[in-house]
Amino acid sequence: MKLPELDRLLVSKSGHAAGNFKTIVFALIGVYTLGFTAWRYFAQGIATNALYNIIIGVMCFFVLKYEKLVYVSPVGIVKETHTWFSHHREVLKWSEIKFVTIMHKRKESMVFLERDTLGWKVLFGLEQITELKTLFAKYMPSVEVDEMVR
């Protein structure tokens, strides 16, 4: 089932998708593993380790479609994962955030979003921080935002 779309106000660098190189490598490993296992079974009648090889080959194709996306939306900070078979969304609502710490290091900034006991850490580019602070001021004006340079 496809998840309903949310507005993506600012996309984080924390998300990732399989790049072209990884996609090609996993596809080749999957084709080789499944093809070699099928050839050994049908041509030579050898079924040793066939189950393990089939699991590895299928998992290689499963990994091809794995995508993780982290972004800021009007409802809060959103983490989405998409695979061939599932779509999952987790939302850290603006009302749940108690404190924000932004740590700058070179060209990136790690943003720590604290709630009761556990929080999230999300990576943004240094050029995105001004827009992020504007969104924080708009959606959670009473929450303190602290900055550190490392």
Side-chain angles (χ1 to χ4, degrees), residues 1-38 49-150:
M1 181 173 94
K2 191 86 170 158
L3 295 172
E5 288 291 321
L6 291 176
D7 289 337
R8 296 178 185 164
L9 303 176
L10 188 63
V11 178
S12 165
K13 289 185 166 188
S14 293
H16 63 280
N20 290 338
F21 178 72
K22 288 181 185 177
T23 301
I24 291 169
V25 168
F26 278 113
L28 289 175
I29 291 171
V31 167
Y32 175 77
T33 304
L34 292 175
F36 181 71
T37 302
N49 295 332
L51 181 62
Y52 300 120
N53 292 339
I54 290 170
I55 291 172
I56 291 170
V58 168
M59 290 309 295
C60 285
F61 287 110
F62 184 74
V63 170
L64 291 178
K65 181 61 177 150
Y66 178 79
E67 296 173 357
K68 178 183 174 187
L69 183 64
V70 181
Y71 58 92
V72 179
S73 78
V75 295
I77 310 296
V78 181
K79 287 182 185 179
E80 291 183 357
T81 54
H82 301 278
T83 64
W84 293 106
F85 309 109
S86 68
H87 303 284
H88 179 73
R89 177 182 291 152
E90 187 176 355
V91 179
L92 178 60
K93 296 179 182 174
W94 295 117
S95 60
E96 296 176 358
I97 299 172
K98 306 292 185 217
F99 190 77
V100 176
T101 304
I102 302 172
M103 184 184 303
H104 305 290
K105 186 173 181 182
R106 296 189 192 105
K107 295 181 180 181
E108 296 177 335
S109 296
M110 184 64 72
V111 178
F112 299 94
L113 304 155
E114 300 175 28
R115 56 180 169 188
D116 294 329
T117 54
L118 295 174
W120 289 8
K121 61 181 183 178
V122 183
L123 184 66
F124 287 96
L126 197 57
E127 69 281 354
Q128 295 176 304
I129 293 302
T130 305
E131 187 177 354
L132 184 64
K133 286 181 185 176
T134 306
L135 292 170
F136 286 161
K138 178 180 179 181
Y139 291 108
M140 48 181 207
S142 63
V143 173
E144 184 180 347
V145 177
D146 190 24
E147 287 191 71
M148 298 170 42
V149 178
R150 184 164 184 212

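Note that this is a predicted model, so its numbers are computed, not measured. Side chains are part of it too, since the values below use all heavy atoms of this structure and drop only hydrogens, waters and symmetry mates. Sequence positions, counted from 1, serve as the residue numbers for this chain.
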Between V78 and V70, does the side-chain contact (heavy atoms from CB on, under 4.5 Å) criterion hold? Intermediate values first, please. CA-CA 6 Å; V78 181; V70 181; over 6 Å; no

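- Residues E80 and R8 are in side-chain contact: their nearest non-hydrogen atoms beyond the backbone lie under 4.5 Å apart.
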Tell me, with the steps shown, if K121 and L113 meet side-chain contact (heavy atoms from CB on, under 4.5 Å). CA-CA 6 Å; K121 61 181 183 178; L113 304 155; over 6 Å; no

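- The nearest pair of heavy atoms linking T33 to T37 is O-OG1, 2.7 Å.
- Taking NZ of K107 as the reference point, atom NZ of K13 lies at 9.0 Å (rounded to 0.5 Å).
- Between N49 and Y52 the shortest side-chain heavy-atom distance falls below 4.5 Å.
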Stepwise side-chain contact (heavy atoms from CB on, under 4.5 Å) check, F85 with F62: CA-CA 9 Å; F85 309 109; F62 184 74; 3.4 Å; yes

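- For the atom pair CG (L135) and CD (Q128), the distance works out to 10.5 Å, reported to the nearest 0.5 Å.
- Residues Y139 and L9 have side chains in contact (heavy-atom distance under 4.5 Å, counting atoms from C-beta outward).
- Note that CD1 of I77 is 8.5 Å distant from CG of L10, once rounded to the nearest 0.5 Å.
- Atom-to-atom distance recorded for T134:OG1 and I129:CD1 is 10.5 Å, nearest 0.5 angstrom.
- With salt bridges taken as basic N to acidic carboxylate O contacts below 4.0 Å, one links E96 and R115.
- Put simply, the side chain of S12 never gets that close to the backbone of Y71: no donor and acceptor are under 3.5 Å apart.
- A distance of 8.5 Å separates CG of D146 from CD1 of I102, quoted to the nearest 0.5 Å.
- Ring geometry for F136 against W94 counts as perpendicular: the plane angle is over 60°, on a 0 to 90° scale with 30° as the lower cut.
- Ion pairing between E67 and K65 holds under the 4.0 Å rule for side-chain N and carboxylate O.
- Defined by atom type and a distance below 3.5 Å, a donor-acceptor pair is present between the side-chain atoms of S109 and H104.
- Checking each of E147, M140, E144 against V100 for a side chain to side chain contact (heavy atoms under 4.5 Å, CB included) leaves exactly one that passes, namely M140.
- Note that CD of E127 and CG of L132 are 11.5 Å apart. Values are rounded to the nearest 0.5 Å.
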Between T81 and H87, does the side-chain contact (heavy atoms from CB on, under 4.5 Å) criterion hold? Intermediate values first, please. CA-CA 6 Å; T81 54; H87 303 284; over 6 Å; no

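- Side-chain contact between K93 and V75 is absent, with no heavy-atom pair separated by less than 4.5 Å.
- Between L34 and N53, the shortest heavy-atom contact is CD2-O, 4.3 Å.
- Electrostatic pairing of K79 and E90 does not count as a salt bridge here, judged by no charged N lying under 4.0 Å from a carboxylate O.
- Residues E108 and L126 are not in side-chain contact: their nearest non-hydrogen atoms beyond the backbone lie 4.5 Å or more apart.
- Side chains of F124 and V122 form a contact here, defined as non-hydrogen atoms less than 4.5 Å apart.
- More than 12 heavy atoms of other shown residues, nucleotides or ligands fall within 6.0 angstrom of atom CZ in F99.
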